[in-house]
Amino acid sequence: QVHVEESGGGLVQAGGSLSLSCTASGRTFSSYAMGWFRQAPGKEREFVAYIGRSGGSIDYANSVKGRFTISRDNAKNTVYLQMNSLKPEDTAVYYCAATGYSYYYSNANTYNYWGQGTQVTVSS
């Protein structure tokens, strides 16, 4: 069993920045690829970013490419999401998730373990 927990959400004005953190405990962190997803009210959960076990494989949704940066520190069992140039449409609950697979990483069903989510609100 893996316990995943996000932190760092909050309220920010458009154009601002926020940094999210996610810690995973219970199993060897470096054996899991990690992903960030988000869900806005009335919408389905959508893929945001992915990072492989060693950090060598990274991908982003087109909507955040060039603005968001995912990274991980396996020594600290932590994955990060740096969000810059935030837009009101980035408002959502952001979820961190862990998976033992490296395929279909943009599909939420690939992930075995999820955090409770952290709210990000971007005001215009």
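With rounding to the nearest 0.5 angstrom, the CZ atom of F29 is 5.5 Å from the CG atom of N74. To the nearest 0.5 Å, atom OH of residue Y113 and atom SG of residue C96 are 14.0 Å apart. In this structure, CD in Q39 is found 11.0 Å from CD in Q119, a value given to the nearest 0.5 Å. Here the CD1 atom belonging to I58 is positioned 13.5 Å from the CE atom belonging to M34, to the nearest 0.5 angstrom. How far CG of N112 is from OG1 of T99: 5.0 Å, rounded to the nearest 0.5 Å.
Looking at S102 and R53, their side chains do bring a donor and an acceptor atom within 3.5 Å of each other. Side chain to side chain, T91 and E89 fail the donor-acceptor criterion of an N or O pair below 3.5 Å. Side-chain contact of D73 with T78: a donor-acceptor pair under 3.5 Å is absent, judged by distance alone.
For K65, the NZ atom counts as densely surrounded, since its 6.0 Å shell holds more than 12 non-hydrogen atoms of other residues, nucleotides or ligands.
Taking the salt bridge (Lys or Arg N to Asp or Glu O under 4.0 Å) definition, one finds that R45 meets it with nothing, sequence neighbours left out.
Across Y95, F47, Y94, a single residue satisfies ring pair (Phe, Tyr, Trp, His ring centres under 6.0 Å) together with F37, and that is F47.
Sorted by first and then second residue, the ring-ring contact (aromatic ring centres under 6.0 Å, His included) pairs with a member in residues 48-80 read Y50-Y105; sequence neighbours excluded.
Side-chain atoms of W36 and V79, non-hydrogen and from C-beta on, do get closer than 4.5 Å to each other. At least one side-chain heavy atom of L18 sits less than 4.5 Å from a side-chain heavy atom of V120.
In terms of hydrophobic clustering, with Ile, Leu, Val, Met, Phe, Trp and Tyr side chains grouped at heavy-atom distances under 4.5 Å, V12 and L20 are assigned to a common cluster. When hydrophobic clusters are built by joining Ile, Leu, Val, Met, Phe, Trp and Tyr residues whose side-chain heavy atoms come closer than 4.5 Å, directly or via intermediates, I51 is grouped together with Y32.
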